[in-house]
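Have a look at the structure below, then the notes.
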Amino acid sequence: MPQPEYIEVNGARIERGFLEANVEEARSCEWEQVEDLGTTGDHHHCIVCEVAIADEPAYRSGFRWLCRYCYSQFVKDSED
């Protein structure tokens, strides 16, 4: 059985098939930019690279979150 191929995205090592499925999901959503994530100490995880998002602007679609990096790399151009 062949080993899965991994890609580095935003410092995370992600299996290619998982990444492609998550990018497809992200492109199907309508994103709103969120500047202030609050001060509760909570954090969210990007649906593409799974990085923790806590103290920086990010994008939200319902209960899904997207970091700035993944938004700019995978979603922004597909919205135009």
Side-chain angles (χ1 to χ4, degrees):
M1 175 180 265
Q3 293 294 320
E5 182 181 352
Y6 289 88
I7 300 170
E8 187 170 323
V9 176
N10 197 19
R13 188 172 179 249
I14 302 172
E15 193 270 320
R16 179 183 287 278
F18 183 76
L19 172 70
E20 290 171 351
N22 289 347
V23 167
E24 184 176 333
E25 178 182 353
R27 287 181 176 166
S28 72
C29 297
E30 291 186 30
W31 296 98
E32 67 173 302
Q33 187 170 9
V34 179
E35 294 290 332
D36 183 11
L37 302 182
T39 58
T40 63
D42 292 340
H43 68 273
H44 306 281
H45 289 268
C46 175
I47 68 167
V48 172
C49 71
E50 297 185 332
V51 70
I53 304 167
D55 296 329
E56 63 183 58
Y59 294 84
R60 181 179 64 200
S61 178
F63 294 105
R64 296 176 187 94
W65 288 86
L66 200 60
C67 70
R68 288 186 303 176
Y69 177 86
C70 289
Y71 179 82
S72 68
Q73 292 296 311
F74 302 112
V75 175
K76 183 179 178 187
D77 290 339
S78 71
E79 291 182 333
D80 296 335

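In this chain, numbering begins with 1 at the start of the sequence shown.
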Locate the shortest heavy-atom distance separating Ala58 from Trp65; write the atom from each residue and the value. CB-CE3, 4.1 Å
Residues which pass side chain to side chain contact (heavy atoms under 4.5 Å, CB included) with Ala52, listed by chain and number, not counting sequence neighbours: His43, His45
Any heavy-atom pair between the side chains of Glu20 and Glu24 that's under 4.5 Å? no
Taking salt bridge (Lys or Arg N to Asp or Glu O under 4.0 Å) as the test, write out the residues that go with Glu35, two or more places apart. none
Scanning both residues in full, the closest heavy-atom pair of Arg68 with Pro57 reads CG-O, 3.2 Å
Not counting sequence neighbours, which residues clear salt bridge (Lys or Arg N to Asp or Glu O under 4.0 Å) with Glu15? List them please. none
So, for Ile53 and Cys67, which heavy atoms are closest and what is the spacing to 0.1 Å? CD1-N, 3.6 Å
Residues that Glu25 engages under salt bridge (Lys or Arg N to Asp or Glu O under 4.0 Å), provided they are two or more places apart: Arg64
Test of understanding: with salt bridge (Lys or Arg N to Asp or Glu O under 4.0 Å), list the residues that count as partners of Arg60, not counting sequence neighbours. Glu32
Which pairs of donor and acceptor atoms, one on a side chain in residues 6-13, lie under 3.5 Å apart (sequence neighbours left out)?
none

Give, for atom SG of Cys46 and atom OH of Tyr69, the distance between the pair rounded to the nearest 0.5 Å. 10.5 Å
Which of Asn22, Val34, Val48 passes side-chain contact (heavy atoms from CB on, under 4.5 Å) with Leu66? Answer is Val48
